[in-house]
Every structure is written in structure tokens, then in C-alpha cells.
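Order of listing sets the numbers, starting from 1, for every ligand and every atom in it.
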Amino acid sequence: MRDKIREDKFSLTSISLFYIFISFQYCAAIDVIAQTQNLLEGETLVSPSEIFELGFFRPNGSTNQYIGIWHKNIRVRKIIWVANRENPIAVSHFSASLSIGEDGNLKILDGKQTIIWSTHVDIGINKTVALLLDNGNFVLKYNDSGVLLWESFHFPGNTLIADILLSVNSKTGEGKFLTSWKSEDDPSIGDFTNGLAPSMPTQCYLWKSLKPYWRSGVWNGVNFIGVDGAIPSYFGKCSVTYTNENAAMSLYGDNNIILVLEANGSLRKLRWDENSMEWIVLFEIIPSSCQVYGTCGAFGICDPKRSPICNCLEGFEPESREQWSRGNYSGGCVRRVRLNCVANSSSGSSLAKHKKDGFWKVGGVKLPDFPLVLDLEDEKQCQDWCLNNCSCWAYTYAYELRCMFWTTDLVDIQKFTVSGMDLFLRLAHSELDVAEDKKKTPVILIVCIISEFITVGCLVYGFFRWKKKNQRVARKEIRKALELEDSGVEGRGNGVWHPTPFEFNTIVLATDNFSVTNKLGQGGFGIVYKGKLIDGQEVAVKRLSNTSGQGREEFMNEIILISKLQHRNLVKLLGYCIEGDEKLLIYEHMPNKSLDTFLFAEGKWSFGSLWSSFVPWRPLAYLFLLAKVMLSCILGYMSPEYAMGGIFSEKTDVFSFGVLLLEIVSGKKNTSPRFYEQSLNLVGYAWHLWNEGRILELMDQELVHSFCKSEVLRCIHVGLLCVQNYSKDRPKMSVVVLMLSSETDRPQPKEPAFAFEKPLEHDQHAVTSRLSSQNNSTWSDLEAR
Ligand SMILES: *[C@@H]1O[C@H](CO)[C@@H](O)[C@H](O)[C@H]1NC(C)=O
Ligand SMILES: *[C@@H]1O[C@H](CO)[C@@H](O)[C@H](O)[C@H]1NC(C)=O
């Protein structure tokens, strides 16, 4: 075959270009590079069993040319290694070649015979050959003895395949790491690095600009223990071995599994699927929120389900309360009470007059960075050892790793949803008492909250009586309406739409057993999957996590609430499923990915990203549903007539939406009173600013440099219209959408509810609207029909 190509080349001039192209495609495969055998453009070097292939390539859209390795028989090509990453062959210097030079080294020469890249090994003689092995290793070796002189596996790129070892030397810190490409079309070394850290026991890190960006937790012999168990085990098919001073990590499995460090810093494990002819993502780490290394600073703990996500460990307080409240957690936390036992203290290790320090258990966490280990028999020994060594600030006993302890600031602790380890934190004796007391507070807290509610309820009730003499009449009317509504829900014939119960197995089938590839997103409440029912209907399945805290009854209430809110512009709840611990909600599928992402995003909502996802109707509907279902239970979002009388109408939703809109623009919570002097809440504050003509001051400071004044004004204006005290003054949702999506005439807003000391007035209109909607299947759709 090789001879055939040579012949073609000798008679180049007489052959059509088309034929050259064909011959390159079909014949130009060689199996060795030697003194007499160069690799030219259009040719490839193929491994003996035709698994891997090496040749010239150009990344998508790039005009630069590189030499790289890819799977020969995988249609969607992933470049797994690039020789001349930093030195592309420029477009004007094509007709390059890969050859073996006089000194025996491999080198790439461009069209001008300039050396672009070389293996730079000290060899001396030129009796060398280069081969591509079946495991993807490109090697240079002595022709006679077969001794390896250079191999590509010692210089990993952005991709790990089965036989590559990512190693590190614990003494020198030297090792082999994956390095990301700069961008999709530029293989030169980018910002991200991945590999093992030299500290022992070892951990896998992702570094961004050489600073820790994410870490896996230590290797316990089977797994990396710092990867949340909620995520299918990325490292399941991975192993770490120790030899002398070295630790090495490798992926095992077949050639069709690769681990790629993408240019954006995400680490993805992919498998080529022959049936679907695509790369399937087995696992992906895209560090965000708590996964980002050290998000909460020293002695902070990050819990993605809490707001704010950062808190100080028990016995610690923010180093700077001011910075902390601004969301700047970098300063971390400091100890409230000095330890009894102080390391390096000149007067001995313990201040005798105080009681001994003790340990406080922090359960279910990703253990902090920089652990040390001691081979102690059991937990008791570990605890004793830690207690008696004043440098020891925390310990954990893990069966596989024995006694782990920490002598430095505790950083990068994360609360896990599923797995996680228990950390025992050293605290002064007095702090332990405080912590114990705090543990008991929930009961007290609940009692307090309930009594507070009762007190507030009584006050409001009394106030109402005093303010409105004809209150009693109205109250009767409300009660009547409530009864009517209840009978409407029970009696199925009344047009109230009911979701269908689904079998769990049906959903397992539809979502391919909750396959990761079907995952649409994840929120605090659980994971959302895409699915396809047997009849072909696409659905989105919300699988509530067991830790969502929702009981069966609350779940049923949610279903009833959502079904009562069925609206043609809302995402439609098709059904639900309760079996054992499983609680699932089945919605019609909304294919707009950006919205899903937005819906399930956990961080702060930014106005810009939200706004960009506003296309008329549906996103508003999302927001609308979100405002209703997730937030209606918070007093701050309730319209006065709902909060006081339980009157639920289309205008109630409008009110909630208005509050949400103002919160989004201002970046502040309605119920957070500390910013405002004269008024009760955000709504009142907004009204105050509006009247003073300073309404733009309401805007989130983060938006100041990137906002469109008219859009912000429009949002605030519409928001104020939505929260007007009388529900009859509030615009209908259809009008709200119209006003948001275009510049239209807007009436002047009247005074909102809950502002200043203005008393709440009972609202006759809501009752009527509520009564009139009894015969309709939807609450908020009346005008639209
Ligand atoms: C964050 O807080 C630390 C101290 O806690 C301070 O040094 C740093 O300047 C703050 N950063 C910003 C952006 O305010
Ligand atoms: C405490 O532990 C540290 C870290 O292992 C060690 O260097 C030190 O010698 C220990 N101190 C005592 C008193 O055991």
C-alpha cells in the first residue's frame, strides 16, 4: 500500500486533484515513522489494530494546523492528544511533515522546513522509529533494542484515556497533569489543570490559573470521599496507586471511555455509544457555588440548600460581619472563645483553671482540605490523641484511612445532601454548652414562631374589627366562598382539572431509570429529568429528594394547589406519583433549555440573565408559577386579601408577581427590613422612592453598570401597579405581560399594600372575582377566554 502512495506522489502532476484527495482518504495510512518514512499532510499513522490514528488536523474553524491523535473508528472525532499544542503550523506554511531527524528525534517541519516541534531527547544516533500503539501511546524507540526513548503518555493533553497515568511526586510536587485547551479551536494550554496533589493521602484537584478550584477529597482506597454521593460515582472506574513517593491516578475501562478537561474548566467523563453514535456524558463536574474551592473561607461551611450558602462552623463567627453580610466570605470565620489548650503556649499546653476542650460533631460533610493521617486503632484513640495535642483542631475516624486530623485552618467544608463524613471540631468547653443549647432551640423556636403568629393574627384581627364596622358581613361572604370552593374541589365534575396518578414503573421507563443523560436540572428540592411516555409525550419529571422535607400530606397539598392553578400559560402538571419514599411530579416538557437552567439555578438571580430569558408568555408563566407555588407561603409575597382572609384570586397572583418583580430589580428581599427607615418593607420603600422621584435608586447595585433605564423603569412601574392595595386596581396578568413586553401607556400606581402605617382595607372586588370564577376550570384565565 505504501508503495502505491509513493507512485502516486511521483506522478503528481499528471493526476487530478480529485484523485489525490481520494488516495489520501483511502490509502495514506502508514504504521511506522522511520528515517526513510515521513508522515506527510493527508497521511495518517495508524495503530496495529486500527484503534487509534495520528495525523494532521485543524480544530473547528481554526486556520492553524496541528498533529494529533484520535480514535480511528469513532465518527465524532475527539482529539485526545496534540503534539505541537503551542506551535501550530500556520496556514501559509502548509505541506508540513513529521519525520525523524539526524539526531534520532521526532520533529515537525513546516513547509519552509522550520522545526515547529521536536521530542528533544538526548539520543545521539539516528536508529530510531516512531509507532502509535493500540492503547493510544505514541512512542519513539530504538529500532534494534526496542527501548523507549519518548512517549506521548508522559505528556498528557486535556484527555485521560485508560493507560495514561496522572502521577505526582509527594516530595518534589512534580507530576503529570491534564491541561485544558485555551478554547475549542485552540489547543494551546488554557487556564485549567487537573491531577493529583502531592499532599498525602492524595486528592484529585482542579486548578484554575494554578489556584485550587475544586477538589475530590482524599482517596480512601476505593473512592475519593469528597464527591457528593448524590452524584453517580465519577471515580467509580478510576484507581489510585502509591509507589514510593509517587501517587498515580488512572482511568480503567475500555478505549471508548475518556475523561476530558474542557476549555471552560468542566471535567467530563464520556463514553462513545456505538448505537446512538454519540458521546454520552457519564459524569460532569462544573464547579459552582459550594463546589468551588474554599467558597466560605476558613472555618466556614457551605450548604447549597441554605441561603446564604455560607455559615460559620459552630463556635465560630465571621471575621468581618460587614463583609460577610455583603456576601464576601473570603475572610472566613474566627473562634469566638479561645481554646483552653493552646499550641506553643510557653506555660504548658493547658490552662488548668478552665475545663478541658471538647469536640463538636459536624455531620455529613466534605472533610476540610489538608488532612493528616495517623494509623490508630479506633475512634477513641484518635479522639484522645487529638485532645492531647494542642495543634489538633479537628479529627475524623474513617475505617479505611484511620485517624485523620487537621492542624491548619479548616477550609473547603461542604454540607452534603446524601453521603458525607462526620467531622469532630475542637471547641472550648463553654462553647460546647452553647452549642448543646442551640440544638434544643428548634422546639423553643417553633413555639415562639407559633405564638408570634397567634399574636400577630390577634392584632390584625382586632385591628380589622376596629377599622371596619361592616367586617362581619364581608367575613360571612368569604366563608361562603370558601365553602363553595371546597365543594368545587371535592366534586370533580365542577371543571376543576385533576392530575393523573402515575405508576412508578412507568416513570422509570420514561426516564430510562432516571438516567443522568436525561437530567434537565437540579434544585434544592430534587432533580428534574426529561422523559418520554409510551404514547410519545415528552414530560419533565421532578423527583423530590427525600431531604426536601416534604411529607406526603404537603406533597398532596402541592399537587392540589398546582392543579387549581392550571393555566394555559403555565407549565402543565400532568400527574404525580407516590410510591414508598418516591414522590414525583410529572409536568409537560418545556424544551427551552435556557429556561430550565434559569428555573433550577441556585445562585442569585441576576436581572440580566432573567431578562434575557423573557420571551412573552411562557417565562412569565414560569415565574408566575414559581412565585405562586414556591413563595406564596411566605408572608411577604401574599396579597393582603389572601393573607387576611384566604381569598385567592387571579389578582392574588398578580400581587405576588409584583413583589417578585421588585425583588428582582432591587436584588433585595421584600421581607428584609434592615435597609429601610420609614417604611415596613421593600414595597413600601419602592413607593417612597417613587413618590420622591428617586425610583432608580431601588435598582440592584450590581446592575448599575449594565442596565437599560427604560426597561428597569418599566419593570418597577409594572411591579408597583401589581402590588396596589386594592386588587381591583391591579392589572390583569395578560395586561402585565403586555406592559412588560412593550412600551405601552401605564397608569400611575396607587398606594401599595403594606406600605407605611396605612391600614389594610377589606377588598370586596376579590370576593366577587372569586365567586365568579367558581364555574371555571381555571382561576386566572377568565378574561382571556
Ligand atoms: C473581602 O473581605 C476581606 C476581609 O474580610 C477584604 O480583605 C477584601 O478586600 C474584601 N473584598 C472585597 C471585594 O470587598
Ligand atoms: C502534635 O501533632 C503535630 C502534628 O502531627 C506534631 O508535629 C506534634 O509533635 C504533636 N505534638 C505533641 C505534643 O504530640
Q.
Under 4.0 Å from atom 2 (O) of ligand 1, is there at least one protein heavy atom?
A. yes
Short check: is a protein heavy atom less than 4.0 Å from atom 9 (O) of ligand 1?
no
### Message
Would you call the rings of W324 and Y329 parallel, tilted or perpendicular, taking 30° and 60° as the class edges?
### Response
perpendicular
Q: Over 60° means perpendicular and under 30° means parallel, so classify the ring planes of Y293 and Y205, tilted if in between.
A: tilted
- Take atom CD in E400; do more than 12 heavy atoms of anything else shown fall under 6.0 Å from it? yes
If we number the atoms of ligand 2 from 1 as shown, the ones under 4.0 Å from a heavy atom of F405 are 5 (O)
Taking only non-hydrogen atoms of W385 and a 4.0 Å limit, the atoms of ligand 2 in range are 2 (O)
shortest atom 11 (N) of ligand 2-to-protein heavy-atom contact is with N389 ND2, 3.0 Å
Just which atoms of ligand 1 are under 4.0 Å from any heavy atom in [X]?
X    : value
E319 : 4 (C), 5 (O)
G331 : 5 (O)
S330 : 1 (C), 2 (O), 3 (C)
N328 : 1 (C), 2 (O), 3 (C), 8 (C), 10 (C), 11 (N), 12 (C), 14 (O)

> Are W406 and ligand 2 in contact, using a heavy-atom cut-off of under 4.0 Å?
Replying inline: no
d(F283 CZ, L267 CG) to nearest 0.5 Å is 8.5 Å
Next on the checklist: Is there a side-chain contact between D357 and L427 in this structure, where contact means two heavy atoms from C-beta onward sitting under 4.5 Å apart?
Outcome noted: no
Closer than 4.0 angstrom, basic N to acidic O: yes or no for R402 and D375?
yes
Query raised in the report: Is K269 salt-bridged to E284, going by a charged N under 4.0 Å from an acidic O?
Result: no
